[in-house]
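Quick notes on the structure that follows.
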Amino acid sequence: MTGQDPWIRAEMGGTKQASIISKPEVLSALMKKANHPIFLIGSESITDNKQSDLLITLIKNLKEKWNVPVISTAHITGTLISRGLVPNASMGSMEIIDRLCDNKWQGLDGKGQYDLVILAGFSYTLGSLLLSGLKQCSWNTKKISLDPKYHPHATWSYGNMKFENWQKEIERFFDIIKTDKKNMEESHV
Amino acid sequence: MTGQDPWIRAEMGGTKQASIISKPEVLSALMKKANHPIFLIGSESITDNKQSDLLITLIKNLKEKWNVPVISTAHITGTLISRGLVPNASMGSMEIIDRLCDNKWQGLDGKGQYDLVILAGFSYTLGSLLLSGLKQCSWNTKKISLDPKYHPHATWSYGNMKFENWQKEIERFFDIIKTDKKNMEESHV
Amino acid sequence: MNRKNIHIHLSEAKSSTGSLKGLDIQIGKIKGEQWDEIEGPTPFPDHTDLRSWDRILLSRYKPLYLPFCDLCCLCTYGKCDLSGGKRGACGISMEAQQSRIVLLAACIGAATHISHGRHLVNHLIETHGRNTPINVGGTNVDVEAPMIRLVCGIKPKTLADLVTVLDYLETQVTELLAAAHTGQESDPLDFESKVFHAGMLDHVGLELADLTQISVFDFPKADPEAELVNLGLGTIDSEKPVILVIGHNVPPAIDIIQYTKEHNLSGTIEVTGICCTAIDLTRYDPDAKIVGPISWQLRYIRSGVPDLIVVDEQCVRADLLIEAGNIQAPLVATSSKNCAGLVDRTDDNPDQIVADLISGAVQGVLILDPKKVGEVAVRAAIQSHEIRKTIKTSKIPTLEELIEYAKFCSGCMECTRACPNETPIPDAMKQAATGDITLLAEIYQSCIGCGRCEDVCNKNIPVHNALVAAARDIVTSEKYTVRAGRGAIQDIEIREVGGPIVLGEIPGIVAFVGCANFPNGVSEVAEMAREFAKRRYISVASGCSAMAIGMYRNEDGQTPYEEFHGRFDAGGIVNVGSCVSNAHISGAAIKIASIFAKRNLRGNYEEIADYVYNRVGAVGIAWGAMSQKAAAIAAGFWRLGIPVIVGPHGAKYRRMLLGRKDNEANWFVYDTRTGEKVQVGPVPEHLFISAETKEEAMVLIAKLCMRPNDTSRGRSMKLTHYIDLHKRLYGIIPDDIHLFIRSSSDIPIMMKEELIPILKEKGFKDQKIPDPTLLKSQIRTQKGGN
Amino acid sequence: MNRKNIHIHLSEAKSSTGSLKGLDIQIGKIKGEQWDEIEGPTPFPDHTDLRSWDRILLSRYKPLYLPFCDLCCLCTYGKCDLSGGKRGACGISMEAQQSRIVLLAACIGAATHISHGRHLVNHLIETHGRNTPINVGGTNVDVEAPMIRLVCGIKPKTLADLVTVLDYLETQVTELLAAAHTGQESDPLDFESKVFHAGMLDHVGLELADLTQISVFDFPKADPEAELVNLGLGTIDSEKPVILVIGHNVPPAIDIIQYTKEHNLSGTIEVTGICCTAIDLTRYDPDAKIVGPISWQLRYIRSGVPDLIVVDEQCVRADLLIEAGNIQAPLVATSSKNCAGLVDRTDDNPDQIVADLISGAVQGVLILDPKKVGEVAVRAAIQSHEIRKTIKTSKIPTLEELIEYAKFCSGCMECTRACPNETPIPDAMKQAATGDITLLAEIYQSCIGCGRCEDVCNKNIPVHNALVAAARDIVTSEKYTVRAGRGAIQDIEIREVGGPIVLGEIPGIVAFVGCANFPNGVSEVAEMAREFAKRRYISVASGCSAMAIGMYRNEDGQTPYEEFHGRFDAGGIVNVGSCVSNAHISGAAIKIASIFAKRNLRGNYEEIADYVYNRVGAVGIAWGAMSQKAAAIAAGFWRLGIPVIVGPHGAKYRRMLLGRKDNEANWFVYDTRTGEKVQVGPVPEHLFISAETKEEAMVLIAKLCMRPNDTSRGRSMKLTHYIDLHKRLYGIIPDDIHLFIRSSSDIPIMMKEELIPILKEKGFKDQKIPDPTLLKSQIRTQKGGN
């Protein structure tokens with residue numbers, strides 16, 4: 001079960017571990033079920049590695065399709081804007097997790113706490129801690145990790161994958177989004 | 001993957017977790033590959049629960065078929081004898097693990113350290129610690145847990161199973177032992 | 001070494017001798033001339049001063065590590081995977097990491113007792129004065145502080161003298177804790193040596209704390225006939241206002257009694273206790289009632305009986321505020337270690353505090369002044385009782401409710417998987433759903449009251465309450481007695497048993513210590529204690545184990561404390577007191593060296609430990625130990641060469657200290673008379689071992705009581721018990737008797753026929769009995785050499 | 001409260017006044033009449049004495065917990081799964097468990113420094129006498145011990161006076177550690193309050209340790225012009241015998257220098273150091289060389305350069321004995337905390353020890369006498385050098401070997417998965433196999449030298465050595481300078497900057513502290529320090545961060561210490577010294593209250609912390625902190641109201657203390673003049689936060705320097721830096737500026753056009769600037785009330 005080992009091997013999960021996003025339909029179903037989702041994008045999304053472009057495209061797609069608000073952590077807002085992604089807010093990773101842990105927080109839109117938190121673009125270590133913090137304070141919030149490294153503390157996570165395989169998965173997800181009709185039956189997760 | 005969660009849920013494994021004994025052929029292959037196996041049987045093997053009889057029969061079979069020496073821990077030797085199983089030695093669980101950790105120990109038979117250690121009949125907590133201790137001091141020794149509760153610290157373990165399913169597995173193993181021919185091709189694990 | 005307060009030069013204080021004396025005591029100095037014993041080599045030792053002794057023991061008893069998990073997560077370099085020979089980012093190995101965790105546990109444990117001692121001494125100096133004399137047994141006890149004499153090399157006379165001891169202990173604990181910092185120590189045995197040091201410090205701290213409270217509160221003073229006190233839920237009169245005290249620091253509880261006495265309320269209020277505060281309270285007032293050990297917290301509170309809860313420190317549940325709230329009982333926290341988030345009302349008017357507690361304006365308060373706790377607790381309990389009479393506060397379901405709950409059970413097994421004892425709750429629920437609560441009631445007997453079952457139940461069944469409900473008849477019939485903690489052992493008792501013990505004719509001292517995390521309830525400890533008392537060992541007990549022993553009645557209806565005498569002598573069951581009273585057990589071993597064998601104690605640790613190790617057949621049993629304190633207490637015994645046996649859960653301490661009887665060469669001593677190296681066999685075989693069952697433990701007890709110094713008469717008696725127990729409990733004769741028989745006169749007479757053929761087969765040969773030591777310095781022909 | 005040594009009654013010592021005085025000092029008493037400052041409310045405080053202050057801070061900065069795992073494994077009740085609201089067998093919640101672990105870390109950290117201080121004081125009292133005066137800056141420093149004055153309420157004059165302080169610290173650490181025992185404390189905020197207390201004690205311990213060594217070893221005494229010393233592997237002359245000292249306790253290293261001086265060997269031996277021992281050694285002898293921070297251990301040893309290694313305590317790898325053995329360099333362990341399994345040769349003849357080390361009879365020795373270490377190390381290093389000249393000892397592969405190794409790489413990614421910084425080693429290996437080592441050399445720059453990559457390599461590639469080999473050119477060109485640690489800040493410096501700081505006109509004090517576990521090597525710290533020095537903040541540094549800053553050269557070839565001045569003034573980069581010198585940073589903040597604002601320090605913690613919190617715009621950056629010591633140091637800053645920023649790995653400390661700027665109501669102060677509650681905005685917004693990138697950290701630094709007391713001029717300057725950095729680093733204007741602008745005069749003039757429209761949109765309204773306090777007791781109209 002290599003794909004489902006924590007990417008940093010010493011990062012043990014807990015008694016409840018993330019389910020694997022085995023196919024893009026899972027993601028799509030999760031998005032549809034969400035009432036109030038939010039996307040957190042970390043600083044690694046703008047590093048030079050080959051994942052960046054795809055990740056930014058993915059976020060744009062989510063934003064356009066389901067109107068998912070995006071929060072950029074660290075210092076990357078300007079770069080994102082220059083690459084065509086305008087985040088809804090810029091906030092430190094600790095600051096946003098802290099707010100997501102506060103059941104009185106009304107969200108960026110004043111509509112209350114979020115029920116689905118999607119993360120991508122964080123160093124694995126930091127991502128783990130953010131997910132662990134969220135899991136602890138907000139057990140019932142769904143947490144999705146979209147990076148191609150298995151995150152046991154999430155609710156749903158990709159397994160450890162080579163870039164090429166992950167790319168295929170994400171591109172298939174784009175296809176689903178495009179062909180998706182409003183009246184399409186909801187797939188069950 | 002419920003069957004492969006640690007039975008006591010807080011008993012996290014490590015970066016290497018036991019493979020599941022998915023079918024009796026696995027067990028049989030492991031036995032055949034072993035050069036110098038040993039069986040440790042714990043005090044729960046004589047408690048009243050329904051597993052006891054089957055376990056004792058299993059051990060007798062292993063002993064007869066592959067001449068696996070048996071060490072009984074705790075105080076159960078007399079009872080085992082009265083039930084037709086004569087252990088090769090009686091030793092505290094800590095004492096035997098301590099010896100199995102000593103690469104100078106010559107074994108019960110003077111032929112040197114063992115390369116396969118089979119455990120059954122321990123409380124889950126104690127069993128975990130014995131396996132953890134063995135894993136730590138003797139990383140390359142194969143460790144098999146035969147109780148129907150998943151032990152991540154073993155090399156091979158049954159998953160968490162209902163008694164009835166475990167019973168079926170063990171009985172199928174008896175069948176294999178019976179029908180096994182010396183010239184049968186070794187199955188690969 | 002912390003001896004700063006002792007270095008005062010006469011020339012710097014040009015005054016009369018009289019006033020100098022006064023000053024000496026004032027600043028903690030103990031004048032040498034008051035004590036003619038020669039100072040040994042290691043007063044106030046650093047751990048490096050005794051490291052060579054530790055290494056002698058550790059070369060014989062090697063650590064076996066049983067890691068709790070593969071990782072180290074102590075710093076932000078990590079987490080690091082240490083399995084399979086990998087090292088952490090700081091370079092640490094798995095072995096060193098495990099021993100480091102043991103050190104951390106031992107430091108926490110020692111700190112807990114030492115800090116408790118500091119608190120007691122400071123508080124009682126404030127209320128009773130610096131010159132309050134130490135008195136633990138009047139004329140019956142001359143060696144009043146064997147541990148302090150041995151380790152510190154001083155002879156404390158007043159509370160003020162103890163301050164010097166505390167300074168030393170705190171310096172040392174701080175240093176040991178520093179060694180647990182990331183990086184640094186790399187050698188597992190050096191970590192283990194530091195663990196031993198922490199254990200030794202812990203025993204000094206224990207002794208100091210108990211000396212203090214015995215002296216000031218006039219607890220039984222080394223009294224073998226201390227009163228029998230009531231124990232058990234069934235002894236409580238819930239018609240009266242009921243106060244529950246929980247924890248380990250007795251002053252607030254004593255001030256509750258004081259307040260009732262001063263206000264003529266004695267007898268109108270039930271003061272009940274759990275854990276060591278309960279034990280210590282009955283040493284002060286035999287009318288107080290002990291509810292039970294640590295694991296009785298949830299069941300007693302949820303019964304709704306307590307009208308008010310006073311909690312101090314140490315073994316107290318971290319959810320007491322919630323539990324107290326659930327039964328509408330106000331809670332008073334009294335310790336800085338356990339502020340529970342409550343507002344500090346120490347400086348407020350008691351009227352206002354009581355009013356706030358009773359109106360429900362606050363659910364609890366923090367009061368750091370014991371005297372004020374006494375007043376507030378009593379007054380609020382009386383009012384709380386009035387209110388609570390009119391409402392249902394018990395959380396324990398009725399039989400009908402229980403059956404309804406049981407029907408919800410889906411058999412998912414999560415409760416069993418969360419239960420430390422893996423009890424078959426779902427089976428019992430299934431049965432209960434049909435109206436038969438037998439199995440549930442049985443599970444109550446092995447329940448350690450942790451409540452984890454409830455947290456994981458998918459159906460929200462109050463599982464723990466259900467167990468208590470099923471066992472209602474058992475619970476209400478919990479009426480037992482326990483002898484109040486007697487404190488120290490008298491010098492005369494030591495004088496009388498010293499010879500029989502070191503010769504082996506009293507077959508051993510068996511000390512039952514620690515808490516209640518047993519695999520099969522409290523009954524196993526009682527069973528073991530009775531077995532060895534009947535065999536004329538000296539059974540000693542403290543803390544929750546002392547309670548556990550009391551929770552048994554024989555066929556004549558007697559509890560063990562009624563059945564057996566309380567003298568430190570063959571066939572006794574001796575309750576020394578609370579956890580801190582454990583020092584009287586190690587102290588008794590030391591006093592054998594001092595009083596019986598006339599060895600110098602003063603700053604002479606190594607020689608005395610060598611004496612105890614080779615001559616005093618003592619074994620500790622911590623059958624249900626779970627805490628860091630227990631780790632420290634055990635370590636204190638190890639350094640004195642006294643083996644400790646723990647129950648199967650004790651394997652979670654992650655490290656055993658095991659001897660290897662199959663390596664004959666390990667088992668030698670020097671004969672002090674000749675310097676000759678003599679093989680003596682594996683006595684005692686292990687220093688720390690987890691037994692899987694009580695049967696294994698009992699056989700181990702008998703075996704580990706053997707010592708090199710046993711006379712043939714003594715050895716044959718010890719062997720009789722060992723072989724007899726082994727045959728009875730294991731069903732076979734042990735296979736190692738030849739290792740313990742040094743000459744034919746060691747063979748138990750009644751077993752000769754049976755044993756001689758075995759010995760012949762094993763190739764038995766005669767060995768002489770030396771005057772044993774592990775220290776070259778103890779060899780007389782080269783005394784002073786090394 | 002540990003004041004036992006102060007309670008001496010004159011009546012009990014009927015002697016002349018003269019001799020009494022002598023006695024007073026002897027026993028640690030500090031005579032009140034030598035100091036006319038009024039004693040504040042909390043000399044020698046227990047943690048409950050300052051709990052209400054802690055709760056004020058903690059009600060504003062709430063803990064966010066980021067658990068390292070779901071379990072608690074601290075006792076044998078467990079392991080317990082605490083996730084999803086479940087409680088442990090002891091009743092503990094996940095939040096309380098996380099804060100308990102933080103407490104444990106802070107206790108270990110504080111114990112480490114305090115024990116180090118105890119060791120120094122004991123050793124130096126022995127060698128230099130009890131009456132050795134404390135002198136940290138001659139006539140330039142009147143407030144010699146601001147932390148000790150503030151916390152303990154005493155004014156230490158001699159080493160002996162420090163013993164009283166140590167007793168207090170050890171008592172308190174022991175009590176806090178006790179609170180980490182299983183059970184007991186249930187409230188996370190009470191655990192956090194204890195963490196703050198541990199931090200405060202830690203700073204007292206730091207100050208005490210540095211005062212001691214500055215005074216006795218004549219380190220630079222508050223000298224802004226302390227010498228520039230050599231730093232870097234490239235500065236070492238390996239033709240000479242090379243001694244490497246590693247750790248945090250300088251006496252053995254000083255005795256090495258002493259020995260070379262006394263034996264006319266100065267200049268013939270290279271004494272090189274890693275970590276704080278190196279820093280402190282250059283404070284003693286500027287000719288000693290600093291190799292680099294903690295993470296340079298493996299690379300330097302494996303280079304084969306050191307002929308002998310002397311290791312003391314704290315941040316030293318636990319595998320040094322193995323590493324030293326691999327290059328055939330003898331090892332001398334010198335600390336009881338780190339015995340490394342070596343035989344204690346303290347009492348042996350140096351001739352014999354040297355002979356044993358050189359013959360290889362032993363690979364290392366333990367010597368607990370610094371003077372003997374000095375002799376043995378020098379003599380053995382000279383001989384070791386002769387032998388080692390003739391053999392290849394470097395473990396660093398040649399380029400050819402490196403390429404061969406790289407070819408073995410299968411790209412399995414295990415090394416990356418083990419690397420704390422997730423460096424792309426397999427990619428680099430693939431490239432290296434083709435002969436191109438660029439990427440490998442790049443990885444060297446962000447390598448923290450933990451060596452975990454090697455343990456997991458399936459192909460047994462010596463990965464770390466390969467990185468060092470690839471970076472050979474970089475390594476050998478590591479030639480830098482760092483200003484020797486200056487120690488304290490002069491009173492006159494404080495007098496001069498006090499006004500500009502509390503008014504906000506010096507925009508802030510930025511303290512770079514802690515170790516080298518950076519995500520991108522040492523360069524980020526240098527970059528940050530230079531940025532803020534250029535912006536005329538006061539950049540302060542200590543320990544490995546001070547080294548990291550030195551490892552940079554600007555376009556003119558200057559290191560930052562050459563580029564910037566060393567005064568505690570705008571635009572300086574101030575190296576205070578080693579880890580223990582961190583106390584001079586908190587001390588400087590305190591001295592602003594004392595010297596500039598003339599507040600009483602003596603036992604007056606709460607008022608001074610309130611002053612610092614509201615007025616002194618200081619921020620700590622522990623960019624690569626990894627240890628328990630760092631946790632304690634940070635906690636000491638928190639209690640004074642000084643925010644601390646850590647790097648992304650710092651999130652592994654498991655707990656942040658975060659403010660919520662969106663809750664306007666949180667951000668008030670009282671105006672001391674009127675008692676009015678005034679909204680002042682989120683200044684500072686957080687108390688402890690992990691930044692994801694250096695850019696985020698830099699913006700946070702600027703932001704967290706704002707304080708309620710800023711004048712408009714000061715605030716507008718601070719805002720200028722905040723907005724400017726945000727625009728440059730984030731690429732946008734910050735969205736929260738309206739929260740920091742209290743009136744139009746706060747608006748930076750140059751930014752008016754840009755900001756006014758934004759402020760209008762956000763609905764900005766004028767607020768007044770109060771004389772701020774969080775303490776009702778500080779309100780003048782009701783002074784004394786509460």
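Throughout, a chain's letter reflects where its sequence line sits, starting with A, and its residues are numbered from 1.
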Does a side-chain N-to-carboxylate-O contact under 4.0 Å join [X] and [Y]?
X      : Y      : answer
D:D344 : C:R55  : no
C:R118 : D:E175 : no
D:D455 : C:R87  : no
C:R51  : C:D190 : yes

Which of [options] touches chain D most, by non-hydrogen pairs under 4.5 Å:
options                       : result
C:K629, C:E454, C:E313        : C:K629
C:G183, C:A179, C:C73, C:S627 : C:C73
C:K86, C:K652, C:Q628         : C:Q628
C:Q184, C:R654, C:Q314        : C:Q184
C:A651, C:A333, C:S186        : C:S186
C:S336, C:C75, C:G650, C:P188 : C:S336

Review point. When you measure from the side chain of D:H649 to the backbone N and O of D:M626, does any donor-acceptor pair fall under 3.5 Å?
Key: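 No: the side chain of D:H649 does not pair with the backbone of D:M626.
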
Review point. Just by distance, do the side chain of C:R452 and the backbone of C:A418 share a donor-acceptor pair under 3.5 Å?
Key: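 Judged by distance alone, yes, a pair lies under 3.5 Å.
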
Side chain, backbone, both or neither: which part of [X] has a non-hydrogen atom closer than 4.5 Å to chain D?
X      : value
C:I294 : side chain
C:L104 : side chain
C:H47  : side chain
C:C515 : neither
C:L368 : side chain
C:A96  : neither
C:L189 : neither
C:A625 : backbone
C:K194 : side chain

Pairwise distance [atom1]([X]) to [atom2]([Y]) - rounded to 0.5 angstrom:
X      : Y      : atom1 : atom2 : value
C:L331 : C:I246 : CG    : CD1   : 8.0 Å
D:S93  : C:I322 : OG    : CD1   : 7.5 Å
D:H181 : C:I108 : NE2   : CD1   : 8.0 Å

Review point. In chain order, what residues pass the side-chain hydrogen bond (donor to acceptor under 3.5 Å, both in side chains) check against C:R317, with sequence neighbours excluded?
Key: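 Scan of C:R317 (side-chain hydrogen bond (donor to acceptor under 3.5 Å, both in side chains), adjacent residues dropped) gives C:D319.
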
Point to revise | D:T48 and D:D46: CA distance, side-chain angles, deciding distance, side chain to side chain donor-acceptor pair (under 3.5 Å) verdict | key: CA-CA 5 Å; D:T48 46; D:D46 280 337; 4.8 Å; no

Exercise for review: Please look at D:L366 and chain C and tell me whether the side chain, the backbone, both or neither of the residue comes under 4.5 angstrom of a heavy atom of that chain.
Suggested key: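 Side chain of D:L366 only, per the 4.5 Å heavy-atom cut-off to chain C.
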
Check your understanding: Can you say whether D:A105 sits under 4.5 Å from chain C via the side chain, the backbone, both, or neither, judging by heavy atoms?
Key ->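 Contact with chain C involves no heavy atom of D:A105 at all.
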
Practice item. Quick one: which of D:C315, D:G88, D:C80, D:A110 has the most heavy-atom pairs under 4.5 Å with chain C, could you say? Key: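 Most pairs with chain C among the choices: D:C80.
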
